[in-house]
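These numbers come from a predicted model, not from an experiment. Chain identifiers are assigned alphabetically (A, B, ...) following the order of the sequence lines, protein sequences preceding nucleic acid strands; residue numbering begins at 1 within each chain.
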Amino acid sequence: MNPEQIKQFNHDLLKWFHENGRDLPWRRINNPYYTWVSEVMLQQTQVDTVIPYFNRFISLFPTIEALAGATDQEVLKCWEGLGYYSRARHLQQGVREVAEKYDGKVPEDKNELLSIQGIGPYTAGALLSIAFGEPEPAVDGNVMRVMSRVFLIDDDIAKAKTKKKFEKIVGALIAEADPSAFNQSLMDLGALICRPKKPKCDECPLNAHCLAREEGAQLEYPVKSGKAKPRSIDYTVLLIRDAERRYFIEQRPETGLLAGMWQFPMIAWDPNEKEKVLEDAIQKKYGWEVRFVRTSFSYTHRFSHLIWNLSLYEAAIDGTVDPETRTTWEHLDKLTHRPFPVPHQKIIEWIEKNRQNHT
DNA sequence: AAAACGGGGTT
DNA sequence: AACCCAGTTTT
């Protein structure tokens with residue numbers, strides 16, 4: 001594109017944004033902390049899902065100092081159900097870095113931002129442009145979709161290299177006059193007009209510039225390689241109560257899947273195996289001799305990369321179990337004070353619904 | 001360069 | 001059921 005075309009492109013895009021841009025909670029005032037929180041929540045998560053989480057999060061942790069001073073369990077509880085929980089952990093770590101190293105002020109230097117936990121190329125670009133007005137690209141899935149269509153770029157957007165190509169393109173196009181509006185307009189355009197399916201090309205401010213539209217090939221873009229199918233794991237979930245009708249729960253490890261969240265004990269077990277195999281596995285992992293009372297509930301939970309097939313076993317154990325580190329006994333009505341992954345929330349809901357049957 | 005990492009919404 | 005989403009970190 002020549003300079004005149006770039007100018008026209010910017011004009012068309014920003015005019016559309018000023019008339020059609022979304023009114024979102026984190027856009028009402030320019031607060032770098034709000035922008036940061038919103039950008040992290042919006043990673044791999046849609047706007048409509050994020051809005052209530054954002055409002056609750058900001059009311060609980062209104063400032064960098066408040067979030068830095070909170071416990072990780074408080075933060076995790078507020079994030080419960082939003083997914084990708086390492087985002088919450090990294091956000092709090094990052095905020096603590098800013099509180100300590102930068103006197104609680106989000107730095108305006110790109111390399112300093114990139115050194116902060118949880119801030120990668122996209123979030124750094126978003127903060128620099130939206131919060132600080134710097135002409136930095138912020139390339140996400142929306143931007144790659146819009147740009148791949150406008151410029152008919154067929155590189156696989158699943159590749160890391162491709163994103164750099166788009167950053168170069170955006171860097172050459174971005175309006176120095178209002179980088180914040182430029183980047184946010186691409187996001188809104190991707191969400192409202194240049195959608196993956198059924199794009200509203202007739203309403204698009206860029207349709208005069210769009211090569212894919214010229215070819216009638218909008219739906220062929222962006223090009224993206226497929227992902228592997230999720231693998232499936234069978235688990236037996238143990239529902240165990242003590243004499244005071246408290247449930248045994250454990251906290252997951254500090255790293256990996258659903259880090260730091262709470263759950264009922266789970267044992268990987270293929271139902272085609274004999275029950276003896278399960279009993280031995282429980283003996284080995286927990287040191288318990290269990291007597292199964294009944295199997296009562298099953299639930300399948302689908303993650304992006306794996307599938308849990310959960311079967312609930314109500315069980316009794318001989319003798320007593322003392323709570324250890326990362327395990328405890330808890331009454332039903334207090335379970336939800338702690339963060340639980342959604343599949344275990346479903347189990348809690350099932351217990352509450354059926355409590356009269358087995359209390 | 002590829003895999004891990006959640007959950008909900010849309011089609 | 002497949003695909004998508006304002007990505008980053010770890011391997």
Exercise for review: Compare side-chain N and O positions of A:Q117 against OP1 and OP2 of C:dT8 and report whether any pair is under 4.0 Å apart.
Suggested key: no

Practice item. For A:T123, answer base if it contacts any base atom (sugar-phosphate contacts may also be present), sugar-phosphate if it contacts only those atoms, and nothing otherwise; contact means non-hydrogen atoms under 4.0 Å. Key: sugar-phosphate

Practice item. Could you measure between the two P atoms, the one in C:dT8 and the one in B:dG8, and give it in whole Å? Key: 23 Å

**Study point:** Interatomic distance, A:L306 CG vs B:dC5 P [rounded to whole Å]
**Key:** 7 Å

Check your understanding: A:Q93 has an atom CD; how far is it from atom C1' of C:dT10, in whole Å?
Key -> 14 Å

Point to revise | Rounded interatomic separation in angstrom, taking NZ from A:K163 and P from B:dA1 | key: 14 Å

Practice item. Mind checking A:V143 for me? I need base, sugar-phosphate or nothing, with any heavy atom below 4.0 Å counting as a touch. Key: nothing

Practice item. Return the orientation label for the A:H344 and A:F340 ring planes: parallel under 30°, perpendicular over 60°, tilted otherwise. Key: tilted

Exercise for review: Evaluate the criterion salt bridge (charged side-chain N to carboxylate O under 4.0 Å, His left out) for residue pair A:E112 and A:K101; output intermediate values, then yes/no.
Suggested key: CA-CA 10 Å; A:E112 287 179 336; A:K101 291 186 198 167; over 6 Å; no

Review point. Hey, does A:L24 reach any base, or is it just sugar-phosphate, or nothing, if we go heavy atoms under 4.0 Å?
Key: base

Exercise for review: Write down the distance between OH (A:Y221) and P (C:dC3), rounded to a whole number of angstrom.
Suggested key: 19 Å

Exercise for review: Report the distance from atom CD of A:E97 to atom C1' of C:dT8, rounded to the nearest whole Å.
Suggested key: 14 Å

Check your understanding: OP1 or OP2 of B:dA4 sitting under 4.0 Å from any side-chain N/O of A:K227?
Key -> no

Review point. Looking only at atom types and distance, does a side-chain atom of A:Q251 sit under 3.5 Å from a main-chain N or O of A:G260, one as donor and one as acceptor?
Key: yes

Point to revise | Rounded distance in Å - CZ (A:F166) to P (C:dA6) | key: 15 Å

Exercise for review: Decide if atom NZ of A:K77 counts as having more than 12 heavy atoms of other residues, nucleotides or ligands within a radius under 6.0 Å.
Suggested key: yes

Review point. So what does A:W36 hit on the nucleic acid, given a heavy-atom distance under 4.0 Å: a base, only sugar-phosphate, or nothing?
Key: nothing

Exercise for review: Scan A:D270, A:T300, A:T236 and name whichever one has a side chain to side chain donor-acceptor pair (under 3.5 Å) with A:N309.
Suggested key: A:T300

Point to revise | Parallel, tilted or perpendicular, as decided by the 30° and 60° cut-offs, for the rings of A:F297 and A:Y299 | key: parallel

Practice item. Grab the NZ-C1' distance between A:K229 and B:dA3 for me, whole Å please. Key: 19 Å

Review point. How does protein reach along nucleotides 6-11 of chain B, written 5' to 3' as B (base within reach of a heavy atom under 4.0 Å), S (only sugar-phosphate), or - (no contact)?
Key: BBSS-S

Practice item. Output the single nucleotide from B:dA2, C:dT9, C:dG7 whose closest atom is nearest the side chain of A:H90. Key: C:dT9

**Study point:** Earlier contact from the 5' end, DNA chain C, for A:I116 and A:W26
**Key:** A:W26

Review point. What nucleic acid atoms does A:R89 come within less than 4.0 Å of, heavy atoms only: base, sugar-phosphate, or nothing?
Key: nothing

Review point. Roughly how many Å is it from CD1 in A:I157 to P in C:dA6, rounded to a whole number?
Key: 11 Å

Practice item. Please check if the side chain of A:K285 supplies one atom and the backbone of A:M266 the other of a donor-acceptor pair under 3.5 Å. Key: yes

Review point. Does the salt bridge (charged side-chain N to carboxylate O under 4.0 Å, His left out) test come out yes or no for A:K164 and A:E167, once each step is laid out?
Key: CA-CA 5 Å; A:K164 294 185 178 177; A:E167 283 169 349; over 6 Å; no

Check your understanding: How far does the P atom of B:dT11 sit from the matching atom of C:dA6, given to the nearest Å?
Key -> 14 Å

